[in-house]
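The shown structure was predicted, so the numbers you read here are calculated from the model rather than taken from an experiment. Reminder, nothing fancy here: chain letters follow the sequence lines and each chain counts from 1.
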There are 2 protein chains.
Amino acid sequence: MTVPISATAAQAHVSPLKVTPASPLFLREDEIRRGIELLYFGYTSMIRGADAILEAQGLGRAHHRSLYFIARRPGLSVGELISLLGVTKQSLGRVLNDLGHRELVEQRVGVADRRQRLLTLTASGAALEARLFTELERSMARAYGEAGQQAVSGFWAVLMGLVPPADRPQVEALQG
Amino acid sequence: MTVPISATAAQAHVSPLKVTPASPLFLREDEIRRGIELLYFGYTSMIRGADAILEAQGLGRAHHRSLYFIARRPGLSVGELISLLGVTKQSLGRVLNDLGHRELVEQRVGVADRRQRLLTLTASGAALEARLFTELERSMARAYGEAGQQAVSGFWAVLMGLVPPADRPQVEALQG
DNA sequence: AAATTGGGACAGTCATGTTGACTTATCTGC
DNA sequence: GCAGATAAGTCAACATGACTGTCCCAATTT
């Protein structure tokens, strides 16, 4: 039951990608497994492009995640970043030290609360993040274009559904 | 522009989850970033449930991935599994040794090619994989239910679009 | 008979994460 | 104003999962 994928659809950024549609009884094991597998392969495929750049810099994915969220929310505190990434202070500490020594990330004392260290990218940090983002964007833009606008809405809805309701406000807060 | 998510929709498995729909100009940076972030948080959220079970067994995610694909394609060869996971022979070797010593995975000599080692789960391996799958399924089924059938089709289409065309046949081959 | 392929094994390294305990500075509530 | 909570940094030790490189064996292919 293999569904052939039109290879030429990659260039034509208008025609929706044809894949097996979800059946009315869409909670069967195979359909769950299809979601699990596509999520795994889609995620690793998207990430792959940035890995080459990171490796050339001697950085890893952990550094990328920090750069990404600092770019997304300039001036966020160390604690907020820990909460977003779901790692311990010690793990993040080493990553932030690396990024600080390379002058990719700067820390400022918080204005409202002077215990906080607010994180921002330096110019070179922003440049690196932009290069990494371009890699992810290329992959994501192609997928959006192939799948079509309606599919993108569904993509977002299912992914948000995977996030436990308690964690959703934090994810939504990244937007706008 | 934070969109409040109905918390009660989690119980009612019929009403589609309301999220910001993709705009006509859906290639703007914010919409790309939204996809990146939801993919990250959705993936890690789905995985999280299985981690507790794995930890109790003294196993890690690498073991889970092998168990998953052996359950999905019983009798696949070591080389096929290496190709699916995108890891080196050495990395997989240790994982398969662990799983073998715990009698969760069995190897049989290939019939067509006797150099191959074909992998299958033992009874206890299948039982463990089933428990792990149940965790992922709970998360995925809830997301499917909240988002609705149409959204699931879009979810699949975008994810398949993320996979480089050259890799897609391998992903499709897991189905049916 | 020679070359290739599938798989296993050993040694060493690196990146990323963990726990626990301790310090410093700062804020908040009484 | 002081006690306790909080934000952050730090040290040490450790586990996991990946890597590279090399060597080997058995089976298949040419």
Open item on the list: For A:A126, is there any backbone N or O sitting under 3.5 Å from a side-chain donor or acceptor partner on A:R131?
Closed with: no

TODO: Let me know the distance between CD1 of B:I82 and P of D:dG17, rounded to the nearest Å.
DONE: 17 Å

Task: Those residues that, when tested against B:E106, pass side-chain contact (heavy atoms from CB on, under 4.5 Å) (two or more places apart) - done: B:T120, B:T122

- [ ] Measure from CG on B:D51 to C1' on D:dG17 and round the result to the nearest Å.
- [x] 13 Å

- [ ] Flag yes if more than 12 heavy atoms outside A:Q57 fall under 6.0 Å of its CD atom; otherwise flag no.
- [x] yes

- [ ] Let me know the distance between CZ of A:R48 and C1' of D:dA18, rounded to the nearest Å.
- [x] 14 Å

Task: Identified side chain to side chain contact (heavy atoms under 4.5 Å, CB included) counterpart of A:R65 within the set A:V95, A:L85, A:L92 - done: A:L85

- [ ] Decide yes or no, distance alone: a donor-acceptor N/O pair under 3.5 angstrom between the base of C:dT5 and the side-chain of B:R115.
- [x] yes

Task: Nearest-Å distance for atom pair CZ/P, residues B:R108 and D:dA27 - done: 18 Å

Open item on the list: Strictly below 4.0 Å: does A:R114 bring a side-chain N or O up to OP1 or OP2 of C:dT26?
Closed with: yes

TODO: Applying side-chain hydrogen bond (donor to acceptor under 3.5 Å, both in side chains), name anything that partners B:E37, two or more places apart in sequence or on another chain.
DONE: A:Y68, A:R72

Open item on the list: What is the distance, to the nearest angstrom, from the CG atom on B:L96 to the C1' atom on C:dG7?
Closed with: 11 Å

- [ ] Take atom NE2 of B:H64 and atom P of D:dT16, then tell me their distance rounded to the nearest Å.
- [x] 17 Å

TODO: Report the end-to-end axis angle of the helix from C:dA1-D:dT30 to C:dC30-D:dG1; each axis comes from five terminal pairs, and the value is rounded to 10°.
DONE: 40°

Open item on the list: For B:E146, is there an ion pair with A:R168 - N to carboxylate O distance below 4.0 angstrom?
Closed with: yes

Task: Test salt bridge (Lys or Arg N to Asp or Glu O under 4.0 Å) applied to A:R94 - qualifying residues, sequence neighbours left out - done: none

Open item on the list: Could you tell me how far apart B:L85 (CG) and C:dG7 (P) are, to the nearest whole angstrom?
Closed with: 13 Å

Task: Sugar-phosphate, base or nothing in reach of B:G79, heavy atoms under 4.0 Å - done: sugar-phosphate

TODO: Return the value, rounded to whole Å, for the distance between atom CG of A:L81 and atom C1' of D:dG9.
DONE: 15 Å

Task: Upstream residue (5' side of DNA chain D) when A:G93 and A:D113 are each assigned their closest nucleotide - done: A:D113

Open item on the list: Using a 4.0 Å heavy-atom cut-off, does B:Q107 contact any base of the nucleic acid, only the sugar-phosphate backbone, or nothing at all?
Closed with: sugar-phosphate

Task: Sequence neighbours excluded - salt bridge (charged side-chain N to carboxylate O under 4.0 Å, His left out) pairs with any residue from residues 49-58 of chain B - done: B:D51-B:R61

TODO: With the side chain of A:Q116 defined as its heavy atoms from C-beta on, choose the nearest nucleotide among C:dT26, D:dA26, D:dA8.
DONE: D:dA8

- [ ] Treat primed atoms plus P, OP1 and OP2 as sugar-phosphate and everything else as base, then score nucleotides 11-18 of chain C 5' to 3': B for base contact with protein heavy atoms under 4.0 Å, S for sugar-phosphate contact only, - for none.
- [x] ----SBBB

Task: Exercise: identify the closest heavy-atom pair between B:A50 and B:L136 - done: CB-CD2, 4.2 Å

Open item on the list: Under 4.0 Å, counting only non-hydrogen atoms across every strand here, what does A:E55 touch: a base, just sugar-phosphate, or nothing?
Closed with: nothing

Task: Salt-bridge criterion met for B:R138 and B:E135 (N-O under 4.0 Å) - done: yes

